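Just so you know, these numbers use all the heavy atoms, side chains as well, and skip hydrogens, waters and symmetry mates. Remember, predicted model here, so these are calculated numbers, not experimental data. All chains are named by letter (A, B, ...) in the order of the sequence lines, taking the proteins before the strands, and each is independently numbered beginning at 1.
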Number of protein chains: 2
Amino acid sequence: MTVSKTAGVEAAKPARPPRKENGEGPDEVSALQLGELSELLGYSLKRAQLKVFEDFLNCVAPLQLTPAQFSVLLLLDRNPGRNQTEIANTLGILRPNFVSMLDGLESRDLCARMRSTNDRRSHILALTEKGRAVLARAKKLVASKHEARLNELLGPEGRAALLDMLAKIAREF
Amino acid sequence: MTVSKTAGVEAAKPARPPRKENGEGPDEVSALQLGELSELLGYSLKRAQLKVFEDFLNCVAPLQLTPAQFSVLLLLDRNPGRNQTEIANTLGILRPNFVSMLDGLESRDLCARMRSTNDRRSHILALTEKGRAVLARAKKLVASKHEARLNELLGPEGRAALLDMLAKIAREF
DNA sequence: GATAATTGTTATCCAATATATCAAATGCCG
DNA sequence: CGGCATTTGATATATTGGATAACAATTATC
């Protein structure tokens with residue numbers, strides 16, 4: 001995203017510049033007042049989440065992995081021998097939606113479904129060689145580019161405190 | 001959500017209880033290992049955001065307001081005389097999507113569009129009487145039920161620290 | 001006055017999320 | 001054993017949020 005827009009073919013008419021260089025400064029007319037909005041935790045939470053996901057996508061772009069896909073690969077690596085329902089439930093993904101997600105990963109040869117010998121209903125999920133390799137590269141990108149940047153912004157202790165509180169909310173709220 | 005499921009009409013067959021009371025304990029087979037996932041800020045961020053939005057919806061359910069709608073009302077109250085583009089931009093909503101959102105609020109008589117006298121292209125947005133009343137009630141519900149619960153979970157200082165870091169991420173990341 | 005830009009709008013499109021339903025397989029209990 | 005409920009993966013489908021393209025009306029700019 002934020003890539004092409006209308007700048008496709010007939011990009012030959014910057015006759016008059018758009019009057020707004022839109023460099024960095026306040027682009028709005030006079031900067032609206034957020035008011036109580038800045039005290040709404042959910043608002044900042046959502047805004048921050050969008051930013052973090054966007055940065056994640058950028059950092060791991062060469063591997064073409066979304067946050068959700070990355071989380072699946074991580075879980076498969078750490079939990080061998082599990083079936084689709086178990087992995088999906090752990091990630092809060094509904095089973096029907098997890099099917100097409102796995103189709104995508106499997107078609108890229110990042111993971112594989114194998115029929116269980118015990119329970120022939122279920123599919124045991126496993127990373128492929130390529131899946132392990134991609135995951136390893138992704139981990140490095142995330143650590144060196146993504147999480148490093150967050151560390152820089154918040155400081156190690158700030159980042160840890162943030163993570164604790166978020167996990168607590170996700171767990172106990 | 002999480003309301004009815006299949007328990008609609010023919011809810012007369014608890015012949016054998018589902019074998020899992022599903023009270024509170026670890027429902028999963030043996031609790032998967034999250035591994036590096038618990039260190040991924042984006043993961044906890046998303047999970048926490050979902051929980052917070054869900055609670056917001058519950059708390060403000062009697063008024064039938066989503067977080068996004070609430071944020072619009074807040075912004076309109078604090079920034080009179082603005083047009084659709086300005087409000088939408090401030091909230092990170094794309095103008096085309098903001099149209100139907102406003103249609104919803106306007107059809108419920110919570111806000112109104114008025115053609116500007118200066119610029120007859122733009123619609124000046126304003127809360128109606130009912131809009132102000134609903135916003136006032138919503139604020140009370142959010143403060144007493146929603147944010148109060150977060151305060152209880154994190155403590156006032158924790159909540160403030162969390163808000164600061166989230167705002168910083170949303171602003172500078 | 002001609003051309004570009006802006007505003008609100010419509011029409012789409014895509015992704016994420018949610019429910020209902022199904023066939024195959026398994027568990028349970030008399 | 002035999003029947004019934006449950007589970008698993010899958011399909012179809014609906015809803016929602018978010019994104020782009022295009023348009024008419026209006027305004028800005030040269």
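- When atom types are taken as modelled, the side chain of A:Lys51 and the backbone of B:Ala170 share a donor-acceptor pair closer than 3.5 angstrom.
- Put simply, CE on A:Met101 is 16 Å from C1' on C:dA18, counting in whole angstrom units.
- Taking atom CZ of residue B:Arg120 and atom C1' of nucleotide D:dA28, one finds them 15 Å apart after rounding to whole Å.
- Note: CG (B:Asn118) to C1' (C:dT7) measures 14 Å, nearest angstrom.
- Comparing A:Gly92 and A:Thr117 against DNA chain C, the residue whose closest nucleotide sits nearer the 5' end is A:Gly92.
- A:Leu57 places its CG atom 14 Å from the C1' atom of D:dG18, with the value rounded to the nearest Å.
- DNA chain D is contacted by no residue of residues 70-78 of chain A, taking any non-hydrogen atom closer than 4.0 Å.
- If you take CG of B:Leu91 and P of D:dG18, they are 11 Å apart, rounded to a whole angstrom.
- One interatomic measurement links the two molecules: CZ of A:Phe53 to P of D:dG18, which rounds to 13 Å at whole-angstrom precision.
- The main-chain N or O of B:Leu74 is never found under 3.5 Å from a side-chain atom of A:Glu36 such that the two would form a donor-acceptor pair.
- A donor-acceptor pair is defined here as one N or O able to donate and one able to accept, closer than 3.5 Å; such a pair exists between the side chain of B:Thr128 and the backbone of B:Asp109.
- Judged purely by distance below 3.5 Å, without hydrogens or angles, the side chains of A:Arg113 and A:Gln84 pair a donor atom with an acceptor atom.
- Close to D:dG17, at under 4.0 Å from its OP1 or OP2, lies no side-chain N or O of A:Lys46.
- The nearest whole Å value for the distance from the CG atom in B:Leu94 to the P atom in D:dT20 is 7 Å.
- A side chain to side chain contact (heavy atoms under 4.5 Å, CB included) with B:Pro67 holds for exactly one of B:Val142, B:Val52, B:Val72, B:Leu57; it is B:Leu57.
- Taking 4.0 Å as the cut-off between side-chain N and carboxylate O, A:Glu152 and A:Arg149 do not count as a salt-bridged pair.
- Ring to ring, B:Phe70 and A:Tyr43 are not that close: their centroids are 6.0 angstrom or more apart.
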>> Go through it in stages, so that I can follow the logic: the residues are A:Glu39 and B:Arg159, the test is salt bridge (charged side-chain N to carboxylate O under 4.0 Å, His left out), and I'd like the CA-CA distance, side-chain angles, deciding distance and then a yes or no.
In response: CA-CA 10 Å; A:Glu39 275 298 310; B:Arg159 185 187 164 283; 3.6 Å; yes
Table of protein N/O atoms under 3.5 Å from nucleotides 8-11 of chain D N/O atoms:
unit_1, atom_1, unit_2, atom_2, d
D:dG9, OP1, A:Gln84, N, 3.0
D:dG9, OP1, A:His123, N, 3.0
D:dG9, OP2, A:Thr85, N, 2.8
D:dG9, OP2, A:Thr85, OG1, 2.4
D:dG9, O3', A:His123, ND1, 3.2
D:dA10, OP1, A:Arg113, NH1, 3.3
D:dA10, OP2, A:Gln84, OE1, 2.9
D:dA10, OP2, A:Gln84, NE2, 2.9
D:dA10, OP2, A:Arg113, NH1, 2.6

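- Rounding to whole angstrom units, CD1 of residue A:Ile93 and P of C:dA15 are separated by 16 Å.
- Along DNA chain C, the nucleotide nearest to A:Ser116 and the one nearest to A:Ala68 differ in position, and the one closer to the 5' end is contacted by A:Ala68.
- Surrounding CZ of A:Arg137 are at most 12 heavy atoms belonging to other residues, nucleotides or ligands under 6.0 Å away.
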